[in-house]
Each structure stands twice: as structure tokens, then as C-alpha cells.
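Values below: every heavy atom of this structure, side chains too, minus hydrogens, waters and symmetry copies.
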Amino acid sequence: MPSAAANYVGQTTTYTYSLPDVVCFAHLHWDFVWQRPQHLMSRFAQQGRVFYVEDAFYHDNDEVQPHIEIKERPHGLKVVVAHLPDRLRHDIPVADAAQQALLQQFFRDQNLTNYLFWYYTPMALGKSGGFAPALTVYDCMDELANFKFAPPELREREQELFRKADLVFTGGHTLYEAKRQQHPDAHPFPSSIDKDHFGQARQPLPDPADQAGIAHPRIGFFGVVDERLDIELLGQLAEAHAEWQFVIIGPVVKIDSATLPQSANIHYLGGKDYKELPTYLAGWDVATLLFADNESTKFISPTKTPEYLAAGRPVVSTPIRDVVRPYGELNLVQIAATADEFGQAIATALTQTQDADWRQRTDEYLATISWDQTWQQMVELMQQRTEAKRLAT
């Protein structure tokens, strides 16, 4: 298969590039929550072949023979999942070897001869050895080692990936400051935005059925509900402000749902499709970033920050460093550390939609970022490194 050579029509320009096939190793399921990997890989897929390799699926029995399942997704992107028997679940070296053999056969079947490797998780190194990618990219979107249930060997694997990677991208500036000490070719690419998609929420939209009966003012949050959510803060706000309704959208993972605060004015609506999010946002009065101050949030750069703003919603956030810089410093997002401060900030935010100056400054900032721009800048760096490697051989 030749390199992908294509014209990509972005928001303002036609962009020409040439790169090998993309093989992406990810810890996130493609169909889980639409976020950074999906934004970037879907853009690659519009121009060439993309293979999105997920973590293996372990069956509950030993009867299944190791095999690969292919799921077709838009623009020809292929989600690749290895199926393994239960006996390999706790034997990582053998499971990795089985997956490596499956991938080698898959590469032959797909005539994958000119390809680059793009990693979201260092843990994929075990199954991706023995290959010769034209380029290796590590898109470090989070400090995964700080997350709940992270494999103990993750930090060691990451050091190995740093040695292999030609380029390292980071999901935010705080993460970049940490990773640039460990790799000489690291570049910050903070969370970006699909303005047209979330901009739909600035127009009146029909309220979804499960939100329509909730009174106003509505204070919303969407995202994965896990150890990063400050459930204590949520409970305190709901108790102190019975006049507000808190709408929480997202799947609950890694934490016991029984630990979530329960109150008549807290509404857990579960996970929603990415396409549905603007219809929920359109019905909110204020959007929040209810993140806890813990190890798992130290390096995050929430994608939802610019998404909320593109939807025209005033935003209140806990002092996450990549929200404080630049959004708090530019006075686009209000920052609050305690429940009292957060409540006061929400009260202010409820009147912010009438602030023409805030809206103008917000839109001026949002005009400087997009997933198209992020992707193009990444591609330019990748082309430069690919050409440099070609000339060096």
C-alpha cells in the first residue's frame, strides 16, 4: 500500500500531505467517548488507511482460539480487536506474544508494509514489537500512571516508548513541561475543538426527553464520571443551592456509583453520543468543570473547556492548571477552589450570557484553535521527521 497522499480541505485552506498508513495503539475504546483519539484519527482516515488497535478482549472461557475482529467505522477506519482465551488474562507476556503473532498475520493480510505507529498507551509496546514502522509517535494525552488502576509497570514502559518515539505530542502545556524533560522532540498540543458542532448549542434546540422535565437554572457537566470528578464538591453545591439543578452526563467508570452524591437536585443522565451533546448543552445555564485536586488531575487539559465555550455557555472550573492557563488568566472561565467560591462563581455565571464583552473575547480566542489546525500542525512535524529519517538512510 503506498503512502497516503491527499488534499485535506480544512476550515480555511486545502492542505496537502503524504504519510504512511497509520496504526494507532489505544487504551480507549473507539465507541466509548468521542475525544482526542477520535478527533485526530478520523481526520487521518479521511486521507488514508487507519487501523485503530484496541486492548485485547478476554473471553470467560478457554475454548476460544486467539483471533482478530475488525470493526468498520466511518471513512474506512478499521477498529482492530484481538480476542483471547481467559487463561491468558493474567499472563501478560504470553498474551502479548499471542497478540503480536495475530498482528503480524493481520499486517500481511492487509498488505501493511509502509506504516507509522501512533501510541496512546505505552502498555501496547508488548504486542507491537518486531515491526519496523517508518515513524513512531507518542501522543501522550494524559499522565496515565496517575490514574486509578494503572498498571504498575506503566512508568517503565513509558520510558521505553520515549526511547523508541521519533515525536512526542502532549495533551496540554502542564504535561508538556513534564515530558519535555524526558524526550528531546516533545510538542504541546492542548485540547482543541470542533466549533461548528458545539456552536449548534447557541441556537434554540429541542430539549432531550430526559432533560426536558428538569427545572432551571441548570448547572451542567459532561465527561467520564470517575476518580477525577470531585463528588464531595458536587454534593456540597447541591446541598447549599437547592434552587439549582445539577445535570451530570457521562458514563460512571472505575468508581462505585453508590458513592455518588444523591439529591433531588442532582440528575445523572448517563453517557450520551457525541452528536447529542449540543442538544443538552443548549438547555444548560452554566457549564462546569468539577474536577478534584488529586494526582489524576494534575496534568489534565480538559477538552470540554473550549467545547463549553463554543456552545456559548459560561464556565466555572476548579483550579486545573491547564484551565487556569489560558482560560482563567484571560477571564474567559471563572476559577473557584472551594464550594463557597464555586457557588458564588455560578451565581455570577448565570448573568454572564448578557455580557457582550465576554462573548466577544471568548469568540476571538476560539478562532485561534481547532482540531483541523492541531492535526495539520502534527502532520507537518511528522512529515519533517519522516523525510529526515529517509535522508539519513
For this session: Looking only at non-hydrogen atoms, find the nearest pair between Pro314 and Gln352 and report the distance.
Result: CB-OE1, 3.4 Å
Exercise. Minimum heavy-atom separation for Asn114 to Pro20, with atom names?
Worked result: O-CB, 3.4 Å
Between [X] and [Y], is any pair of side-chain heavy atoms under 4.5 Å apart?
X	Y	answer
Pro66	Pro85	yes
Phe44	Arg49	no
His173	Pro188	yes
Lys389	Asp166	yes
Gln245	His267	yes

If you measure only the distance, is there a donor-acceptor pair under 3.5 Å linking the side chains of [X] and [Y]?
X	Y	answer
Tyr120	Asp139	yes
Asp372	Ser370	no
Tyr176	Asp322	no
Glu158	Tyr138	yes
Glu364	Gln360	yes
Asp285	His216	yes
Glu243	His241	yes
Tyr119	Ser128	yes
His187	Asp185	yes
Asp109	Gln105	yes

For this session: Please work out whether the ring planes of Phe222 and Trp284 are parallel, tilted or perpendicular, with thresholds of 30° and 60°.
Result: tilted
Exercise. Is the Phe162 ring parallel, tilted or perpendicular to the His183 ring (thresholds 30°, 60°)?
Worked result: tilted
So, does [X] use its side chain to make a donor-acceptor pair with the main chain of [Y] at under 3.5 Å?
X	Y	answer
Thr136	Ala165	no
Asn294	Glu227	yes
Arg218	Ile214	yes
Gln334	Ala345	yes
Gln100	Gly129	yes
Ser263	Ala238	no
Thr259	Ile255	no

For [X], does the [atom1] atom have more than 12 heavy-atom neighbours from other residues, nucleotides or ligands under 6.0 Å away?
X	atom1	value
Glu160	CD	yes
Glu329	CD	yes
Glu239	CD	no
Lys272	NZ	yes
His29	NE2	no
Asp293	CG	no

Exercise. Could you go step by step and tell me if Asp207 and Thr279 meet the side-chain contact (heavy atoms from CB on, under 4.5 Å) rule?
Worked result: CA-CA 6 Å; Asp207 224 357; Thr279 63; over 6 Å; no
Problem set entry | Worked check of salt bridge (charged side-chain N to carboxylate O under 4.0 Å, His left out) between Asp96 and Arg157 | CA-CA 14 Å; Asp96 281 344; Arg157 287 282 180 94; 3.8 Å; yes
Exercise. Got a sec, which residues hit side chain to side chain donor-acceptor pair (under 3.5 Å) with Glu177, two or more places apart in sequence or on another chain?
Worked result: Arg321, Arg325
For this session: Evaluate side-chain contact (heavy atoms from CB on, under 4.5 Å) for Val137 paired with Val168, printing each intermediate quantity in order.
Result: CA-CA 6 Å; Val137 177; Val168 172; over 6 Å; no
Kindly work out whether a path of hydrophobic side-chain contacts (I/L/V/M/F/W/Y, heavy atoms less than 4.5 Å apart) joins [X] to [Y].
X	Y	value
Val79	Phe57	yes
Val94	Leu84	yes
Val23	Ile70	yes
Ile193	Leu330	yes

Problem set entry | Pairs involving residues 311-320, ordered by first then second residue, that meet side chain to side chain donor-acceptor pair (under 3.5 Å) (sequence neighbours left out) | none
Exercise. When you look at Val315 and Tyr327, which way does the side-chain contact (heavy atoms from CB on, under 4.5 Å) test go after all the steps?
Worked result: CA-CA 10 Å; Val315 181; Tyr327 298 97; over 6 Å; no
Establish, yes or no, whether a centroid distance under 6.0 Å links the rings of [X] and [Y].
X	Y	result
Tyr115	Phe107	yes
Phe117	Phe25	yes
Phe246	Phe221	no
His39	Tyr274	yes

Exercise. Just how far is it from atom CG of Leu234 to atom CD1 of Ile231, taken to the nearest 0.5 Å?
Worked result: 8.5 Å
Exercise. Knowing that exactly one of Val247, Leu269, Ile249 qualifies, which makes a side chain to side chain contact (heavy atoms under 4.5 Å, CB included) with Asp210?
Worked result: Leu269
Exercise. Does the pair Thr374 and Ile369 meet the rule for a side-chain contact (heavy atoms from CB on, under 4.5 Å), with working shown?
Worked result: CA-CA 8 Å; Thr374 295; Ile369 61 174; over 6 Å; no
Exercise. Is Asp226 paired with Arg228 through a side-chain N to carboxylate O contact shorter than 4.0 Å?
Worked result: yes
